[in-house]
Amino acid sequence: MADITAWLVLGTVLLLLALSAWQQARARPLHRRLDALGLVPQWKFFGQADVGPEQGALDDWHVVARLASVEPGTSPGPWQPVLWPPARPLLAALWNPAARRHGHLLDMAHLLTRAEPQHAAQPTALIYLAVLRACFAVLSPPEPVALQFAIAVTRGRGERLLAIGFVSAWHRR
Amino acid sequence: MIAAAPWLVLTCRLLGGWALLDGAQWLSDARHWGSGSPLGWDLHRWQGRPWWRWSVFTALYSARGLAAMGLLQAGAGAWLVAGGPLPGLALAVVGLIGAAQALRGVGKGADKMALVVVTGTLLHLAGLRWHLPALVLAGVAWTGGQLTLAYAASGWSKLARPSWRDGEVLTRALTSYSWGAGWIVQLVRMPKLAPVMAWAIMLAEALFPLALLLPAPLLAAVLTGFGLFHVAIALVLGLNTYPLAFVAAYPATMLLGAWLRAHLGLG
């Protein structure tokens with residue numbers, strides 16, 4: 001009986017490996033509903049990254065925000081940096097606990113800039129709310145002040161090409 | 001033939017190192033994932049399935065829950081590094097925590113590979129414990145097979161893109177603030193160096209499956225090269241959990257190579 005079980009396990013492993021091989025050829029990974037644990041992972045490691053006017057995977061994403069009084073007739077304040085790709089010392093190769101958090105937040109900022117109408121972010125979208133929370137957490141505006149954030153996109157070092165990829169509505173805490 | 005206990009000990013120590021580092025980093029950063037924060041579960045639980053809103057997940061993915069998981073993972077990792085008894089239990093702890101993080105959807109490539117190695121090693125251990133060679137082979141095939149797929153798929157997907165073949169993607173990535181580092185910018189901007197680096201990476205990755213057929217010392221040399229590649233990536237990109245997670249799969253890959261060579265009559 002144990003032998004049969006072992007061979008069944010081996011068969012399952014080989015089947016999952018075959019599924020994994022098939023999965024590598026697909027443009028997108030399996031939907032998380034089908035593979036919540038990532039048992040059939042898709043390995044690309046920058047293999048999906050491309051360059052071109054529509055490609056943003058290799059650009060840098062910066063979240064900036066500004067504050068404005070809700071009193072009529074007042075102008076908004078200057079844009080202030082909230083989230084940006086952090087400077088990475090060599091020590092980060094040994095100890096880099098914030099990398100996962102920064103990566104997730106900047107990925108969300110990136111998603112907000114997707115131009116396709118079906119992906120246009122609404123103020124109720126989870127990624128929108130997450131970035132908004134980050135802005136409120138960093139700038140901590142007092143109660144009657146409203147906040148607006150934007151996603152700025154830059155490319156390369158030195159010759160930075162700046163574009164605004166997304167501008168939010170005004171929000172109060 | 002592929003039961004080789006010393007390789008299993010090495011796997012446990014390497015995986016333990018990964019679990020210790022990853023768990024300690026979670027422990028250090030957990031306070032930033034609490035309720036009300038940008039990545040708080042009170043917000044992100046609404047994106048998933050209805051059962052994500054069960055109180056058990058609310059507790060698990062709270063700042064305290066994540067810190068507790070980090071502590072447990074680091075402890076199990078230290079246990080494996082130290083070579084403590086019952087390594088299967090420590091591996092199961094690391095695996096369950098990895099599964100919980102995978103469900104949360106915050107996993108990276110290193111976490112996926114670590115979970116692959118945990119699963120494969122548990123199968124390997126069970127096969128040794130109950131004298132079931134098919135189970136040992138299942139564990140070795142799972143870990144070594146996924147590592148081979150990981151490298152080969154990365155290589156072929158890059159080869160398919162002209163912007164990888166001319167070095168443009170590598171230049172763009174390494175000169176960005178997100179993926180590059182100040183000290184490598186000058187290097188990657190040297191004439192023709194980026195395409196040479198890109199082709200070296202693509203060919204090494206795409207042809208990795210053939211390395212499984214090489215004699216053991218040569219396969220070990222190839223894997224050493226890939227291990228150094230992961231260290232270089234950690235230095236440039238700051239992806240510091242990748243080297244240990246991937247290198248932990250190398251002992252099983254050595255065993256898979258030996259098994260393949262024996263069964264293909266390659267000596």
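Model, not experiment: these values are computed from the prediction. Note on naming: letters A, B, ... go to the chains in the order of the sequence lines (proteins, then strands), and numbering restarts at 1 for each one.
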How many angstroms lie between atom CD1 of Ile127(A) and atom NE2 of His44(B), to the nearest 0.5 angstrom? 10.0 Å
For the candidates Leu8(A), Leu10(A), Leu91(A), which exhibits the highest count of non-hydrogen atom pairs separated by less than 4.5 Å from chain B? Leu10(A)
Using a cut-off of under 4.5 Å for heavy-atom pairs, which of Ala99(A), Ser20(A), Ala137(A) has the most such pairs with chain B? Ser20(A)
Exercise: identify the closest heavy-atom pair between Gly105(B) and His104(A): O-CE1, 3.8 Å
By a 4.5 Å heavy-atom criterion (distance strictly below it), what part of Trp130(B) contacts chain A: side chain, backbone, both, or neither? neither
pair Asp60(A)-Trp179(B): side-chain heavy atoms closer than 4.5 Å: no
Can you say whether Trp156(B) sits under 4.5 Å from chain A via the side chain, the backbone, both, or neither, judging by heavy atoms? neither
Most contact-rich option vs chain B, by heavy-atom pairs under 4.5 angstrom, among Val9(A), Thr5(A), Leu126(A), is Leu126(A)
Please test Ser157(B) against Gln24(A) for side-chain hydrogen bond (donor to acceptor under 3.5 Å, both in side chains), starting from the C-alpha separation and ending with a verdict. CA-CA 8 Å; Ser157(B) 61; Gln24(A) 309 310 318; over 6 Å; no
Side chains of Ser176(B) and Leu58(A): does their closest heavy-atom pair fall under 4.5 Å? no
Expected output: side-chain Arg88(A) to main-chain Ser178(B) donor-acceptor under 3.5 Å: yes
Leu17(A) and Gln146(B), any side-chain heavy atoms less than 4.5 Å apart: yes
Just how far is it from atom CG of Asp3(A) to atom NE2 of His131(B), taken to the nearest 0.5 Å? 12.0 Å
If every non-hydrogen atom of Arg133(A) is compared with every non-hydrogen atom of Ser37(B), which pair is closest and at what distance? NH1-O, 2.8 Å
By the definition side-chain hydrogen bond (donor to acceptor under 3.5 Å, both in side chains), identify the one residue from Asp29(B), Thr241(B), Asp22(B) that meets it with Arg100(A). Asp22(B)
Taking side chain as everything from C-beta outward and backbone as N, CA, C, O, which of these in Tyr242(B) sits under 4.5 Å from a heavy atom of chain A? Side chain, backbone, both or neither. side chain
Just checking Trp79(A): does its CH2 atom have more than 12 heavy atoms from other residues, nucleotides or ligands closer to it than 6.0 angstrom? yes
Looking only at heavy atoms, what is the nearest atom pair of Asn96(A) and Gly238(B), with distance? ND2-O, 2.9 Å
Quick check: do Leu123(B) and Val13(A) have side-chain heavy atoms less than 4.5 Å from each other? yes
Just verifying a value: how many Å separate Arg157(A) CZ and Leu174(B) CG, rounded to the nearest 0.5 Å? 9.5 Å
Please determine whether side chain to side chain contact (heavy atoms under 4.5 Å, CB included) holds for the pair Leu90(A) and Trp183(B), giving the CA-CA distance in whole Å, both sets of side-chain angles, and the decisive distance to 0.1 Å. CA-CA 10 Å; Leu90(A) 273 179; Trp183(B) 57 273; 3.8 Å; yes
Side chain from CB out, backbone as N, CA, C, O: work out which of these in Leu115(B) comes under 4.5 Å of a heavy atom of chain A, or both, or neither. side chain
Beyond-backbone contact of Met108(A) with Leu39(B), side-chain heavy atoms, under 4.5 angstrom: yes
Side chain, backbone, both or neither: which part of Val236(B) has an atom under 4.5 Å from a heavy atom of chain A? backbone
Are Arg155(A) and Arg172(B) side-chain neighbours, meaning at least one heavy-atom pair lies under 4.5 Å? yes
Less than 4.5 Å apart, side chain to side chain, heavy atoms only: is that true for Leu21(B) and Trp95(A)? yes
Provide the closest heavy-atom pair for Ala93(A) versus Asn240(B) in the form atom of the first, atom of the second, distance. O-CB, 3.0 Å
Among Gly98(B), Ala181(B), Ala160(B), who wins on heavy-atom pairs under 4.5 Å with chain A? Ala181(B)
Please look at Ala24(B) and chain A and tell me whether the side chain, the backbone, both or neither of the residue comes under 4.5 angstrom of a heavy atom of that chain. both
Would you indicate whether the side-chain heavy atoms of Met113(B) and Trp43(A) approach each other to under 4.5 Å? yes
